[in-house]
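Just below is one structure, and these are the notes that go with it.
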Amino acid sequence: MTVSHAPPSAIPAPLEKQPVPTRTPPELEAVVPASVRRSRLRAAPRWVRRAVGPLLLLVLWQVFSATGVLDPDVLASPGTIARACADLMADGTLPAAMGVSLQRVVVGLLLGGVIGTSLALVSGLSRLGEDLVDATVQMLRTVPWVGLIPLFIIWLGIGEAPKVALIALGVAFHLYLNVYAGIRGVDAQLIEAGTSLGLGRWGLVRHVVLPGALPGAMTGLRYSLATAWLALVFGESINADAGIGFLMNQAREFFRTDVIVVCLVVYALLGLTADVIVRILERLLLQWRPTFTGQ
């Protein structure tokens, strides 16, 4: 038996290795989670974030004034207003007006606070007091207190009394409603727990009811301060011879929009300062209350 061998040329040659083309991997772009982006925004101080809006509005105002979009007779530019404020501060006019207005607000706030809180305690702590007081207060608070200005002028004249009375009236209603709601909103289980511990009526009022009503009272105080400044604006239009409202009335007669804006800014700053003071009091007096601070 013969075995035939194929010639070497018939044997297939091994395949030559072909170079494999290299591919450059695509560039990957880092994905930043939304939570990280929010944390970057939160990294800035809070006062910086809160100042962005007012500063942007101020810049737009200055740009519109410089380009002639805003007529100076309609609304003065921020630079003109700053110069007017500096002049009023230099000659002592603005500090004196601020002192008079602050005195009116403080007196009206104290008077209205005492009246509103006292009525709320009488109405909130006693069913008989509620029957005697609440209906009358609810009826009076529906009357627009600004509409009582003519009666206040007739009853109290045109001096300081009607201005202070107008502020006190607006403050009293806000404090009454919030303190009354705070007293009636105290958890009944807390009352039962205090009774089981041997607290008498006045002990319950002192240690349970009043601390439980404190959040409502602080809310009412914030509303009362806002109403007090609003009432001051109306009150100082009653033949005032001093105060921020008096400066505004004089500026209106001479078409001084810069002075008017200065007075409005002073009103806003005083109101903001009062609100900050109340916030500080809330943090000091309501440390026991856990609250949601936002995400």
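We count residues from 1, following the sequence as given.
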* Asked: Mind checking what makes salt bridge (charged side-chain N to carboxylate O under 4.0 Å, His left out) contact with Asp134, not counting sequence neighbours?
  -> none
* Electrostatic pair Asp275-Arg279, nearest N-O below 4.0 angstrom -> yes
* Got a sec, which residues hit side chain to side chain donor-acceptor pair (under 3.5 Å) with Ser224, two or more places apart in sequence or on another chain? -> none
* Tell me, do Leu121 and Leu210 make a side-chain contact under 4.5 Å, heavy atoms counted? -> yes
* Linking I/L/V/M/F/W/Y whenever their side-chain heavy atoms sit closer than 4.5 Å, directly or via other members, would Leu270 and Val100 fall into one cluster? -> no
* **Where Ile260 and Ala251 come nearest, the two heavy atoms and their spacing** => CG1-CB, 3.6 Å
* Contacts of Phe173 that satisfy ring-ring contact (aromatic ring centres under 6.0 Å, His included) - sequence neighbours left out -> none
* Which atom of His174 lies closest to which atom of Asn178, heavy atoms considered -> O-ND2, 2.8 Å
* Asked: Which pairs with one or both residues in residues 115-124 pass side-chain hydrogen bond (donor to acceptor under 3.5 Å, both in side chains), sequence neighbours excluded?
  -> Ser123-Tyr176
* Identify the heavy atoms of Ala213 and Gly182 that sit nearest to each other, and give their distance. => CB-C, 3.5 Å
* Rounded to the nearest 0.5 Å, how far does CD of Gln62 lie from CG of Leu70? -> 10.0 Å
* First locate atom CG of Leu281, then atom CE of Met218, and finally report the distance between them rounded to the nearest 0.5 Å. => 4.5 Å
* Interatomic distance, Leu132 atom CG to Leu119 atom CG [nearest 0.5 angstrom] -> 11.5 Å
* side chain to side chain contact (heavy atoms under 4.5 Å, CB included) evaluation trace for Leu94 with Met98 -> CA-CA 6 Å; Leu94 188 58; Met98 290 172 60; 4.0 Å; yes
* Please name the pair of heavy atoms, one in Leu102 and one in Trp229, separated by the smallest distance, quoted to 0.1 Å. => CD2-CH2, 3.7 Å
* To do: For Arg252 and Asn249, run side chain to side chain contact (heavy atoms under 4.5 Å, CB included): C-alpha distance rounded to whole Å, both residues' side-chain angles, the deciding distance at 0.1 Å, then the answer.
  => CA-CA 5 Å; Arg252 180 193 60 192; Asn249 290 332; 3.9 Å; yes
* Are any side-chain N or O atoms of Ser126 and backbone N or O atoms of Val122, one a donor and one an acceptor, separated by less than 3.5 Å? -> no
* Asked: For Val106, which fellow cluster members are found when Ile, Leu, Val, Met, Phe, Trp and Tyr are connected by side-chain heavy-atom distances below 4.5 angstrom, either directly or through intermediates?
  -> Leu110
* **side chain to side chain contact (heavy atoms under 4.5 Å, CB included) between Leu285 and Leu214, worked out** => CA-CA 8 Å; Leu285 299 177; Leu214 192 57; 3.9 Å; yes
* Asked: Do Leu225 and Val114 share a hydrophobic cluster (ILVMFWY, side-chain heavy atoms under 4.5 Å, transitive)?
  -> no
* To do: Decide whether Tyr223 and Phe234 are clustered together by the hydrophobic rule: side chain heavy atoms of Ile, Leu, Val, Met, Phe, Trp, Tyr closer than 4.5 Å, transitively.
  => no
* Using modelled atom types only, decide if a donor and an acceptor are shared between the side chain of Trp61 and the backbone of Ala76 within a distance under 3.5 Å. => yes
* **Heavy-atom neighbours of Gln189 CD exceed 12 at 6.0 Å** => no
* Structure fact -> Joining Ile, Leu, Val, Met, Phe, Trp and Tyr whenever any side-chain heavy atoms lie under 4.5 Å apart, the cluster holding Val276 also takes in Ile280, Leu284
* Asked: To the nearest 0.5 Å, how far apart are CG in Leu156 and CD1 in Ile149?
  -> 12.0 Å
* To do: Determine whether Leu140 and Leu177 fall in the same hydrophobic cluster, where Ile, Leu, Val, Met, Phe, Trp and Tyr are linked whenever their side-chain heavy atoms lie under 4.5 Å apart.
  => yes
* To do: With the side chain counted from C-beta on, respond yes when Tyr180 and Glu130 share a heavy-atom pair under 4.5 Å apart, and no when they do not.
  => yes
* Asked: Would you say Val261 and Leu232 are hydrophobically clustered, going by side-chain heavy atoms of ILVMFWY under 4.5 Å?
  -> yes
* Asked: Is the shortest heavy-atom distance from the side chain of Thr257 to the side chain of Val74 under 4.5 Å?
  -> no
* Could you pull out all residues at least two apart from Arg141 that satisfy side chain to side chain donor-acceptor pair (under 3.5 Å)? => Gln138
* To do: Determine which pairs satisfy side-chain hydrogen bond (donor to acceptor under 3.5 Å, both in side chains) with at least one residue from residues 88-108, sequence neighbours left out, and list them in order.
  => Asp91-Thr93, Ser101-Glu236, Arg104-Glu160, Arg104-Glu236
* Among all residues two or more places apart in sequence or in another chain, which pass the ring-ring contact (aromatic ring centres under 6.0 Å, His included) test with Tyr267? -> none
* To do: Applying side chain to side chain contact (heavy atoms under 4.5 Å, CB included), run through Val171 and Ile115 and close with a yes or a no.
  => CA-CA 9 Å; Val171 167; Ile115 294 174; over 6 Å; no
* **Exercise: identify the closest heavy-atom pair between Ile183 and Ala120** => CD1-O, 3.8 Å
* Point-to-point distance, once rounded to the nearest 0.5 Å, from CG of Leu169 to CG of Leu111 -> 10.0 Å
* **Shortest non-hydrogen contact from Gly220 toward Leu175** => C-CD2, 3.8 Å
* Asked: When rounded to the nearest 0.5 angstrom, what distance separates SG in Cys263 from CG in Leu247?
  -> 4.5 Å
Would you be so kind as to tabulate the donor-acceptor pairs closer than 3.5 Å made by side chains of residues 80-89, with sequence neighbours excluded?
unit_1, atom_1, unit_2, atom_2, d
Thr80, OG1, Ser77, OG, 3.0
Thr80, OG1, Arg83, NH2, 3.2

* Structure fact -> The remaining residues in the hydrophobic cluster of Leu57, counting side-chain heavy-atom contacts under 4.5 Å among Ile, Leu, Val, Met, Phe, Trp and Tyr, are none
* Structure fact -> Gln250 meets the side chain to side chain donor-acceptor pair (under 3.5 Å) criterion, sequence neighbours left out, with none
